[in-house]
Amino acid sequence: DAAPASASSSLFGSGAGGSALSSAGLGMMGVGAVTGALGSYFAASAQKDSLRAQAEISALNAKSAEVYAQTIMNQGQREEQNTRLKTAQLKSAQKVGVAANGVDLASGTAQNIMNSTDFMGEVDAITIQQNTVRSSGNARMQKVGLENDALMRRTASNGINPLASGITSLVDSGSAV
């Protein structure tokens with residue numbers, strides 16, 4: 001009768017065996033707390049590294065967007081120059097045609113034709129300018145967005161302290177014990 005009571009009471013901590021189980025349980029909780037703290041440390045460290053890498057990618061993409069904006073401006077300027085050149089060529093051909101038909105280049109009709117050509121050529125050139133500025137501006141807006149994204153990710157990365165995360169996890173685990 002006495003032996004089963006003794007064995008039963010040691011399982012619940014009142015005997016020498018219970019003390020060993022209790023110590024083992026506390027030891028396991030301590031190991032769990034340290035493991036959890038290490039896990040928190042490495043998770044925070046990985047998150048910090050990931051944010052830094054994402055910030056670098058955004059910064060590189062921002063530089064690429066600026067190069068693209070400059071390329072758009074250069075192409076637009078060449079296109080505008082080509083349009084002005086074509087307008088001048090058309091105007092020269094019109095002058096030759098008018099003169100070949102015996103019409104005085106200083107006459108009202110010849111001047112109307114030349115003025116109309118100048119006007120239409122200028123409208124085309126201005127349209128190209130506007131489209132170029134709009135497209136380049138869109139690329140630059142994308143650049144600003146990417147720069148802001150990089151800044152936010154760097155700031156978030158700087159706000160992560162892996163050591164503090166590990167210590168906080170360890171303290172929280174300790175308070176649960």
Side-chain angles (χ1 to χ4, degrees), residues 34-173:
V34 170
T35 303
L38 287 172
S40 292
Y41 172 85
F42 288 118
S45 184
Q47 184 180 16
K48 183 175 185 121
D49 291 345
S50 175
L51 286 168
R52 282 183 185 159
Q54 291 169 3
E56 284 303 311
I57 291 169
S58 289
L60 289 172
N61 286 339
K63 288 178 184 177
S64 178
E66 176 57 31
V67 168
Y68 182 60
Q70 291 173 2
T71 300
I72 290 170
M73 288 299 291
N74 291 336
Q75 288 174 342
Q77 289 169 351
R78 280 192 299 276
E79 188 177 345
E80 179 188 347
Q81 289 169 350
N82 288 337
T83 296
R84 290 185 187 281
L85 181 60
K86 287 178 184 176
T87 299
Q89 289 170 342
L90 175 60
K91 192 172 175 182
S92 292
Q94 287 172 334
K95 283 181 182 179
V96 169
V98 169
N101 288 326
V103 178
D104 182 13
L105 291 176
S107 73
T109 301
Q111 286 302 311
N112 286 342
I113 292 171
M114 300 305 139
N115 289 340
S116 211
T117 300
D118 285 338
F119 176 77
M120 294 307 294
E122 191 62 22
V123 166
D124 289 345
I126 289 171
T127 300
I128 291 168
Q129 285 175 354
Q130 289 174 339
N131 290 339
T132 299
V133 168
R134 186 178 306 111
S135 294
S136 179
N138 288 340
R140 286 202 167 102
M141 289 298 290
Q142 183 180 15
K143 171 194 160 197
V144 169
L146 289 165
E147 287 172 336
N148 288 339
D149 182 65
L151 178 62
M152 288 188 312
R153 291 179 191 274
R154 275 190 214 100
T155 301
S157 172
N158 291 339
I160 296 173
N161 185 337
L163 184 59
S165 293
I167 290 171
T168 301
S169 175
L170 188 60
V171 168
D172 287 348
S173 295

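For the single chain, residues carry numbers from 1 onward in sequence order. Quantities reported herein were computed from a predicted structural model and do not represent experimental measurements.
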side-chain hydrogen bond (donor to acceptor under 3.5 Å, both in side chains) assessment of Thr132 paired with Glu80: CA-CA 9 Å; Thr132 299; Glu80 179 188 347; over 6 Å; no

Full working for side chain to side chain contact (heavy atoms under 4.5 Å, CB included) between Lys63 and Lys143: CA-CA 7 Å; Lys63 288 178 184 177; Lys143 171 194 160 197; over 6 Å; no

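Rounded to the nearest 0.5 Å, atoms OG1 (Thr83) and CD1 (Ile126) are 12.0 Å apart. In this structure, NZ in Lys91 is found 7.5 Å from OG1 in Thr117, a value given to the nearest 0.5 Å. One distance of note links CG of Asn131 with CD1 of Ile72; it measures 11.0 Å at 0.5 Å rounding. Rounding to the nearest 0.5 angstrom, the gap separating the CG atom in Asp124 from the CG atom in Asn82 is 12.5 Å. Summarising the geometry, atom CZ belonging to Arg78 is positioned 12.5 Å from atom CD1 belonging to Ile128; distances are rounded to the nearest 0.5 Å. In this structure, CG in Asn61 is found 12.0 Å from CD in Gln54, a value given to the nearest 0.5 Å.
Of the possible polar contacts, none joining the Asn101 side chain to the Val103 backbone as a donor-acceptor pair under 3.5 Å is found. Checked by atom type and distance alone, the side chain of Ser50 never pairs as donor or acceptor with a backbone atom of Ala46 at under 3.5 Å. Between the side chain of Ser136 and the main chain of Val133, no donor-acceptor pair closer than 3.5 Å is present. Side-chain N or O atoms of Ser45 include none that pairs as donor or acceptor with a backbone N or O of Tyr41 at under 3.5 Å. Here the side chain of Asn112 pairs a donor or acceptor atom with the backbone of Gly108 at under 3.5 angstrom.
Residues Ser157 and Arg52 come closest through the heavy atom pair OG-CG, 3.2 Å. Shortest non-hydrogen contact noted between Ala139 and Ala65 is O-CB, 3.7 Å. Residues Ser107 and Asp104 approach most closely at OG-O, 2.8 Å, considering heavy atoms. Between Gly121 and Thr87, the closest heavy-atom pair is CA-OG1, 3.3 Å. Looking at every heavy atom in both residues, Arg153 comes nearest to Ser58 through NE-OG, 4.3 Å. What you find for Gly166 and Ala37 is that their closest heavy atoms are O-CB, 3.3 Å.
Residues Glu56 and Arg154 form a side-chain contact, since some pair of their non-hydrogen atoms from C-beta on lies under 4.5 Å apart. Residues Gln142 and Glu66 have side chains not in contact (no heavy-atom distance under 4.5 Å, counting atoms from C-beta outward). Proximity of Gln94 to Met114: side-chain heavy atoms (C-beta onward) are separated by under 4.5 Å at one or more points. Within the 4.5 Å cutoff, the side chain of Leu105 has heavy atoms near those of the Lys95 side chain.
For Lys48, the NZ atom is densely surrounded, since the number of other residues' heavy atoms within 6.0 Å is greater than 12.
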